[in-house]
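Down below is the structure, laid out as structure tokens.
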Amino acid sequence: MVCGMRISWFLFSVDSLFWCLGRARRVYRRIGKTSPKYPCESFKMSSSILQSESPRNPRLTWEGCSVLLDINDGDRLVFARLSPASTLKIGNKSFSLKPLIGCPFGSLFQIENGGNGPHLARVMPSREEGINCQEMEEMKEEQVIKDELRDNRAIVDNNKAQSLSSEDIDAMRSQGATGDEIVEALIANSATFEKKTVFSQEKYRLRKQKKYAPRVLLRRPFTRSICEAYFKKYPARIGFLRLDALSLLLSFANVTANSDVLVVDLVGGLLTGAVAERLGGKGSVCNTYVGNNPNPMDIVRIFNFDDEICSRIMRSPLAELASSQVENSKPNGENKVGEQASHPVNMDESSLPSTDQSSDLNSESIVSPLTKVFKCAKAGDKAPPEVITTWKENGFTSLIIAAPQSDAWSLVKDLLPLVANSAPFAIYHQYLQPLATCMHKLQLEKMAISLQISEPWLREYQVLPSRTHPFMQMNAFGGYILSGIKIFNHQ
Amino acid sequence: MLPTDELKKISFTRSVRDGDLVIVYERHDIMKAVKVCEGSTLQNRFGVFKHSDWIGKPFGSKVLSNKGGFIYLLAPTPELWTLVLSHRTQILYIADISFVIMFLEVVPGCLILESGTGSGSLTTSLARAVAPTGHVYTFDFHEQRASSAREDFEKTGLTSLVSVGVRDIQGQGFPEEFVGLADSVFLDLPQPWLAIPSAERMLKQDGVLCSFSPCIEQVQRSAETLQSKFTDIRTFEVLLRTYEVKESKTDSSQVDGSSVGLPPCKRRLRSKDSDDMHDDSSTTVMVRPCSEARGHTGYLTFARLRCPS
């Protein structure tokens, strides 16, 4: 099984280089036959596979893999590295993440009571959603009609609706009741449940499910999920760079495989990682910095980058890039500084002191002692002199600046000369004025054309039968972006 | 267009060559794609430009016409292409395009299915995102549109990354040979719900689908169809507000409307040191939103294929 999968992946990557439509048809059929259906429950990843360089299926987790755990539909987001010893704290208990190893991304887990006590186990969707979905929908529709007669006039907020006490629930738990059973019991003992509309019944069920039968969804750490998670939890660490703004930066700067992108990343490595993801191991991204201290790039390690991609992530001080001669001398203790700045990241985002101890969801933590062992190959090494020489000779193919604390113009005037003629650039800033001034100067100095300041606006919608509207809460500010194209200047 | 071909990559030493596709930039809103051809000329309101004058000039150069008018020659990018391509249909613009590519988790090596092709605006950006080893298979039921798109991809040098098929995806679904192979699927169809069952079969486990619809009724119906096999169903609207920057001479003692909107006073500013510019209250850089904007493009509905048991 494992063997078959590896062969098909090999075919996939090699042949894809030469595809034209006619040929692709043949190749596809071949893959179709050998491609397994990923029965992951029985799929065991031996350590020998882990060591080997063969392309692994990126849609299955492996030991040492970085994952994003989405607990209860985004209520809580935790980055973790999977190892037999790593654990996730839910409520006041720690659960081993071992059962998550070798499972497909997108799998759902719930707490189950087994022989060795409560543990995380995969939820098979067919049980509830798959079969009953259609019936449920029909039932709901009937209910909706009845609902028109119901409202909340009979519901009194006196805390007496629920006849189960917390002692009763604890007792159920100690007798080995599952979370789902507790939820059912709560519904059965609620005096008001039947009086609620079908929508609020649903809401009630969901609320109880989140509390008594939490669900853990296994997610791939992509720019999308990493940016969303950080924006939700620690927006200040990524300079309030919203996903739509980040995606615009990548587009404006024409980031693609084989390009050489110069970045100033003061958003924790999110930008560098996002660029590296788009390079896919071809080309380079250089995170430059003013002074002696490289910008921290901890977020880069959350991505599951292979060695090839990691090796394309480099850093270099601006002074070195801008100097007319390449210095061949050994960096004098500068490396040490770099080491300190990019200390091994602890994937445990939530172990940081939380200000809100009472809302347990945010103060829990993951303990993963193997983090260091499995940290990815070194991304963000100092650029070797020969690479710097190439950059100087050819120029970077684009420039992206996300430095919320810095003045845009003072960076651009030094950085723009380093990029090739006709190269696009994009600058993110939280404030408008620095960008306006920068744009004006670029015009006056005749350094760039096609200059534009844009502000992205993003609104999410609730789409439900007869209840579609924008979400009541939205983020009202995604920052500003100055984009343009460098022109050839005779001087 | 893409640096996949080392020869096409922009650099300090790369100059315009015979046969290159260049973007002729007149103004931020007047651009044109031109294939450089030794004996050819370009004629516009600034005069006549000889292509032979362009050859050997670095990209990003300003070139002159017989009358002394000028334009800039730019290397093509998917963003510039979106601004110059011929509109055979309503097209997607940068805000939607960027967001779609990000949310569909498109990375190099991915296999993407798209329908309809339309004018190929999104397709060009998808190709950039999957390069150099991935592929975009795009389908349109309109024979002529498909062949125009094919010609465009030839012009932009994307044929190794994009294949255009003529097919009614709503009626027939995606071709069977793609079952279980698509990393992501993008639908821009009048009745996307008809194509969703097919899209679902094409997707790899945990793969993401996006449907772009201008009307909320389309979204409503698509979301209902998605419910059975998809999870993480989310609908967004993404827009851009652009700003205009002006330098104005504002006399603090005598405020009158006529001073606002004066053209930038370049010479005066040049002669000054940038440091004492702030002290000089008579000139200020001012910024305000442009008064015209796209108010609506479409709703983007994303959904992730639910993991099978």
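In the text below, chain A, chain B and the rest are named by the order of the sequence lines, each starting its count at 1.
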Contacting region of [X] [heavy-atom separation from chain A under 4.5 Å]:
X        : value
B:Tyr25  : side chain
B:Val106 : backbone
B:Leu305 : neither
B:Ser61  : both
B:Ala131 : both
B:Val208 : side chain

If every non-hydrogen atom of [X] is compared with every non-hydrogen atom of [Y], which pair is closest and at what distance?
X        : Y        : result
A:Ile487 : B:Gly60  : CB-O, 3.4 Å
B:Val245 : A:Ala436 : CG1-O, 3.7 Å
A:Asn258 : B:Lys9   : O-NZ, 2.7 Å
B:Leu240 : A:Pro456 : CD2-CA, 3.6 Å

Within the side chain of [X], is there an N or O that forms a donor-acceptor pair under 3.5 Å with the backbone of [Y]?
X        : Y        : result
B:Gln205 : A:Arg59  : yes
B:Gln220 : A:Leu464 : yes
A:Thr256 : B:Arg128 : yes

Relative to chain B, which segment of [X] carries a heavy atom at a distance below 4.5 Å: side chain, backbone, both, or neither?
X        : answer
A:Leu482 : neither
A:Phe105 : both
A:Gln433 : side chain
A:Ile449 : both
A:Tyr480 : side chain
A:Glu277 : both
A:Leu418 : backbone

Next on the checklist: How about CZ on B:Phe70, more than 12 heavy atoms from neighbouring residues, nucleotides or ligands closer than 6.0 Å, or not?
Outcome noted: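 Atom CZ in B:Phe70 is not crowded, with 12 or fewer foreign heavy atoms closer than 6.0 Å.
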
Item to check | Heavy atoms of other groups near A:Tyr431 OH, more than 12 under 6.0 Å | outcome: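 Open: at most 12 neighbouring heavy atoms sit under 6.0 Å from OH of A:Tyr431.
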
Next on the checklist: For a side chain to side chain contact (heavy atoms under 4.5 Å, CB included) check, start with the C-alpha distance between B:Glu244 and A:Ile453, then their side-chain angles and the critical distance, and finish with the verdict.
Outcome noted: CA-CA 7 Å; B:Glu244 51 190 43; A:Ile453 296 177; over 6 Å; no

Next on the checklist: Less than 4.5 Å apart, side chain to side chain, heavy atoms only: is that true for A:Thr468 and B:Ile216?
Outcome noted: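 Yes - at least one pair of side-chain heavy atoms lies under 4.5 Å apart.
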
Item to check | Residue pair A:Pro465 / B:Glu224, side-chain heavy-atom distance below 4.5 Å | outcome: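 Of all side-chain heavy-atom pairs linking B:Glu224 with A:Pro465, at least one is under 4.5 Å.
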
Next on the checklist: If you apply the rule side chain to side chain contact (heavy atoms under 4.5 Å, CB included), what do you find for A:Tyr461 with B:Val219, and how did you get there?
Outcome noted: CA-CA 10 Å; A:Tyr461 284 75; B:Val219 173; over 6 Å; no

Approximate separation, where rounding is to 0.5 Å, of [X] [atom1] and [Y] [atom2]:
X        : Y        : atom1 : atom2 : result
A:Ser422 : B:Ile10  : OG    : CD1   : 5.5 Å
B:Ser15  : A:Phe488 : OG    : CZ    : 10.0 Å
B:Cys307 : A:Arg122 : SG    : CZ    : 5.0 Å
A:Ser450 : B:Arg27  : OG    : CZ    : 12.5 Å
B:Thr284 : A:His440 : OG1   : NE2   : 9.5 Å

Item to check | Listed partners of B:Arg304 passing salt bridge (charged side-chain N to carboxylate O under 4.0 Å, His left out), at least two apart | outcome: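 For B:Arg304, the residues satisfying salt bridge (charged side-chain N to carboxylate O under 4.0 Å, His left out) (neighbours in sequence not counted) are B:Glu105, B:Asp206, B:Asp232.
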
Any idea which of [options] has the most non-hydrogen atom pairs under 4.5 angstrom with chain A?
options                             : result
B:Ile101, B:Thr13, B:Thr77, B:Ile94 : B:Ile94
B:Tyr299, B:Phe103, B:Tyr72         : B:Phe103
B:Lys62, B:His28, B:Glu237          : B:Glu237
B:Phe236, B:Phe12, B:Tyr243         : B:Phe12

Checklist entry - Hey, which of A:Val419, A:Leu279, A:Leu451 has the most heavy atom pairs under 4.5 Å with chain B? => result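 Most heavy-atom pairs within the cutoff with chain B belong to A:Val419.
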
Checklist entry - Could you go step by step and tell me if A:Thr223 and B:Met102 meet the side chain to side chain contact (heavy atoms under 4.5 Å, CB included) rule? => result CA-CA 7 Å; A:Thr223 302; B:Met102 175 68 80; 3.6 Å; yes

Checklist entry - Which is it for B:Arg14 and A:Asn421 under the side chain to side chain contact (heavy atoms under 4.5 Å, CB included) test, yes or no, and what are the steps along the way? => result CA-CA 9 Å; B:Arg14 173 79 166 89; A:Asn421 298 310; over 6 Å; no

Item to check | Side-chain ion pair, A:Lys441 and B:Glu247, N-O less than 4.0 Å | outcome: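 Not counted as a salt bridge, because no side-chain N and carboxylate O are separated by less than 4.0 Å.
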
Which pairs would a plain distance check flag for residues 245-252 of chain A, meaning a side-chain donor or acceptor within less than 3.5 Å of a matching protein atom at least two apart in sequence or in another chain?
residue, atom, partner, partner atom, Å
A:Ser247, OG, A:Asp244, O, 2.8
A:Ser251, OG, A:Ser247, O, 3.4
A:Ser251, OG, B:Ser98, OG, 3.0

